[in-house]
Amino acid sequence: MIAAPDRTPLTRDFFDRPVLEVAPDLLGRVLVRDSEDGPIELRLTEVEAYAGEADPGSHAYRGRTPRNSVMFGPPGHVYVYFTYGMWHCMNLVCGPEGMAGAVLLRAGEVTAGAELARKRRLSARSDKELAKGPARLATALDVDRSLDGSDVCGEKADPFMVLTGTPPRPDQVSSGPRTGVAGEGGVHPWRFWTANDPTVSPYRAHTPRRRRT
DNA sequence: CAGTCGATTCACT
DNA sequence: GTGAATCGACTGA
């Protein structure tokens with residue numbers, strides 16, 4: 001059986017473009033996460049671009065480290081980081097190898113496997129909140145550092161795939177400053193979301209943490 | 001090797 | 001709106 005057009009997996013070429021071009025183009029795409037518990041599918045509604053070593057907001061800003069090395073590798077792979085001692089966040093590496101571009105997946109609408117996502121997101125007050133925020137998205141999909149480096153393209157795509165989906169019309173794509181990014185990195189409008197979508201997370205400026213006593 | 005802080009979320013006022 | 005939770009990565013000495 002031929003796959004429906006909107007169920008076609010995105011190829012490596014899709015990700016092998018400048019990250020600022022790929023990021024808005026990811027809206028409306030469908031991320032599939034397979035696991036032993038079952039599949040979950042997510043329609044992406046909010047992303048942020050991180051533009052490599054020249055971007056002060058990026059984990060790649062100070063060069064390659066053990067944590068961020070996947071960002072420097074080939075496009076079409078998953079970069080997962082652990083933050084605030086509790087949470088994971090998930091990116092898709094974009095752009096040519098060595099450029100360290102990545103797109104943070106900030107929010108989406110769970111379009112399949114909601115029952116499973118609810119079990120992992122007990123604090124969610126409605127299904128709109130299952131993946132409303134990058135750490136919530138990763139929690140709903142059961143993503144952690146063990147999945148860092150996963151390939152999302154071709155035969156080796158496991159446990160993720162990204163399908164063509166239905167991108168929003170260009171006039172429905174909004175952009176603005178990235179959430180929680182400090183200093184100069186905060187000025188660029190490199191956050192992209194689908195206009196008026198209820199699963200998009202609220203914007204917050206960077207908040208410096210109070211000093212511990 | 002100690003100090004600092006984070007691409008956040010949640011409970012509570 | 002405010003503050004706590006919680007720990008690994010990175011920095012600079």
Side-chain angles (χ1 to χ4, degrees), chain A residues 15 19-20 22-24 26-27 31 42 44-73 77-95 99-108 110 117-150 174-193 198-213:
Chain A
F15 299 97
V19 65
L20 289 176
V22 179
L26 277 168
L27 296 175
L31 175 67
L42 199 71
L44 296 174
T45 59
E46 183 190 359
V47 299
E48 275 175 3
Y50 288 84
E53 289 181 273
D55 176 3
S58 173
H59 289 170
Y61 184 50
R62 293 173 199 284
R64 188 173 191 148
T65 68
R67 174 174 72 153
N68 67 18
S69 67
V70 170
M71 295 179 85
F72 289 79
H77 291 252
V78 173
Y79 165 52
V80 180
Y81 66 87
F82 179 66
T83 191
Y84 288 101
M86 280 170 271
W87 310 110
H88 294 273
C89 295
M90 171 178 177
N91 299 251
L92 296 173
V93 176
C94 299
M99 294 281 288
V103 175
L104 172 68
L105 306 185
R106 288 197 57 89
V110 175
R118 286 185 204 111
K119 288 184 195 163
R120 298 172 176 160
R121 291 272 304 115
L122 295 177
S123 66
R125 284 172 299 174
S126 83
D127 284 2
K128 314 276 190 211
E129 295 184 353
L130 288 175
K132 185 179 192 157
R136 291 168 167 183
L137 184 153
T139 300
L141 297 182
D142 192 25
V143 170
D144 62 30
R145 282 283 284 168
S146 72
L147 298 177
D148 187 50
S150 298
S174 303
S175 64
R178 294 176 293 184
T179 298
V181 171
E184 305 170 31
V187 304
H188 304 107
W190 290 347
R191 172 178 179 246
F192 303 94
W193 66 94
T199 65
V200 173
S201 71
Y203 172 76
R204 289 195 209 79
H206 175 72
T207 52
R209 193 185 57 170
R210 285 220 312 176
R211 240 180 48 105
R212 228 199 61 186
T213 50

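Note on naming: letters A, B, ... go to the chains in the order of the sequence lines (proteins, then strands), and numbering restarts at 1 for each one. Excluded from the calculations below are hydrogen atoms, water molecules and symmetry mates; all remaining heavy atoms, backbone and side chain alike, are included. Everything numeric here is computed off the predicted structure, so don't read it as measured data.
Side-chain nitrogen and oxygen atoms of A:R106 include at least one within less than 4.0 Å of the OP1 or OP2 phosphate oxygen of B:dT8. Taking 4.0 angstrom as the limit, A:H206 places none of its side-chain polar atoms (N or O) nearer than this to OP1 or OP2 of B:dA7. A close approach under 4.0 Å does occur between a side-chain nitrogen or oxygen of A:S123 and OP1 or OP2 of B:dC10. Contact between the side-chain N/O atoms of A:R67 and the OP1/OP2 oxygens of C:dG8 is not found at any separation under 4.0 Å. Contact between the side-chain N/O atoms of A:R136 and the OP1/OP2 oxygens of B:dC10 is found at a separation under 4.0 Å. OP1 and OP2 of B:dT8 both lie 4.0 Å or more from every side-chain N or O belonging to A:R178.
Distance A:K132 NZ to B:dC10 P: 12 Å, rounded to the nearest Å. Across the protein-nucleic acid pair, A:D144 atom CG and C:dG8 atom C1' stand 14 Å apart, rounded to whole Å. The CZ-P distance, from A:R125 to B:dC12, rounds to 13 Å in whole Å. Rounded to whole Å, atom P of B:dC10 lies 8 Å from atom CD of A:E129. If you measure from atom CZ of A:R62 to atom C1' of C:dG8, you get 17 Å, rounded to the nearest angstrom. At whole-Å resolution of the value, OH in A:Y79 and P in C:dA9 are 10 Å apart. One can place OH of A:Y61 at 18 Å from C1' of C:dA9, the figure rounded to the nearest angstrom.
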Please produce a list of atom pairs where a protein N or O lies less than 3.5 Å from an N or O of nucleotides 2-7 of chain C.
{"from": "C:dT6", "atom 1": "O2", "to": "A:Y84", "atom 2": "O", "distance (Å)": "2.3"}

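Between A:R191 and A:S201 the shortest side-chain heavy-atom distance falls below 4.5 Å. Contact check for A:L92 versus A:V78: side-chain heavy atoms found under the 4.5 Å cut-off. Side-chain contact between A:F15 and A:V103 is absent, with no heavy atoms from C-beta onward closer than 4.5 Å. Annotation: side chain of A:V110 is in contact with side chain of A:L42 (closest heavy-atom distance under 4.5 Å). Residues A:V181 and A:W190 fail the side-chain proximity criterion, which asks for heavy atoms closer than 4.5 Å. Here the side chains of A:R64 and A:E53 are not in contact, with every heavy-atom distance at 4.5 Å or above.
Comparing the C1' positions of C:dG1 and B:dA7 gives an interatomic distance of 22 Å, to the nearest angstrom. For B:dC5 and C:dG3, the C1' atoms lie 16 Å apart once the distance is rounded to whole Å.
Using a 4.0 Å heavy-atom cutoff across all strands shown, A:G133 reaches sugar-phosphate atoms only and no base atom. Across all strands, A:T139 comes closer than 4.0 Å to no nucleic acid atom at all (heavy-atom distances). Within the nucleic acid shown, A:R204 comes within 4.0 Å of at least one base atom, counting heavy atoms only. Residue-level contact check: A:R191 touches neither bases nor backbone, having no heavy atom under 4.0 Å from any strand.
The aromatic rings of A:F82 and A:H88 lie tilted to each other, with the angle between the two planes from 30° to 60°.
Base-pairing analysis of DNA chain C finds the following stems of at least three consecutive Watson-Crick or G-U pairs, with both pairing distances under 3.5 Å: B:1-6 with C:7-12, B:8-12 with C:1-5.
Listed nucleotides: C:dC10, B:dA7, B:dT8. Nearest to the side chain of A:H59: B:dA7.
Considering only residues two or more places apart in sequence or on other chains, A:W193 meets the ring pair (Phe, Tyr, Trp, His ring centres under 6.0 Å) condition with none of them.
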Do A:K132 and A:E46 pass the side-chain contact (heavy atoms from CB on, under 4.5 Å) test, and can you show the C-alpha distance, the side-chain angles, and the key distance before you say yes or no? CA-CA 9 Å; A:K132 185 179 192 157; A:E46 183 190 359; over 6 Å; no
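Cation-pi check for A:R178 over A:Y50 is met; the charged atom lies under 6.0 angstrom from the ring centroid and within 45 degrees of its normal.
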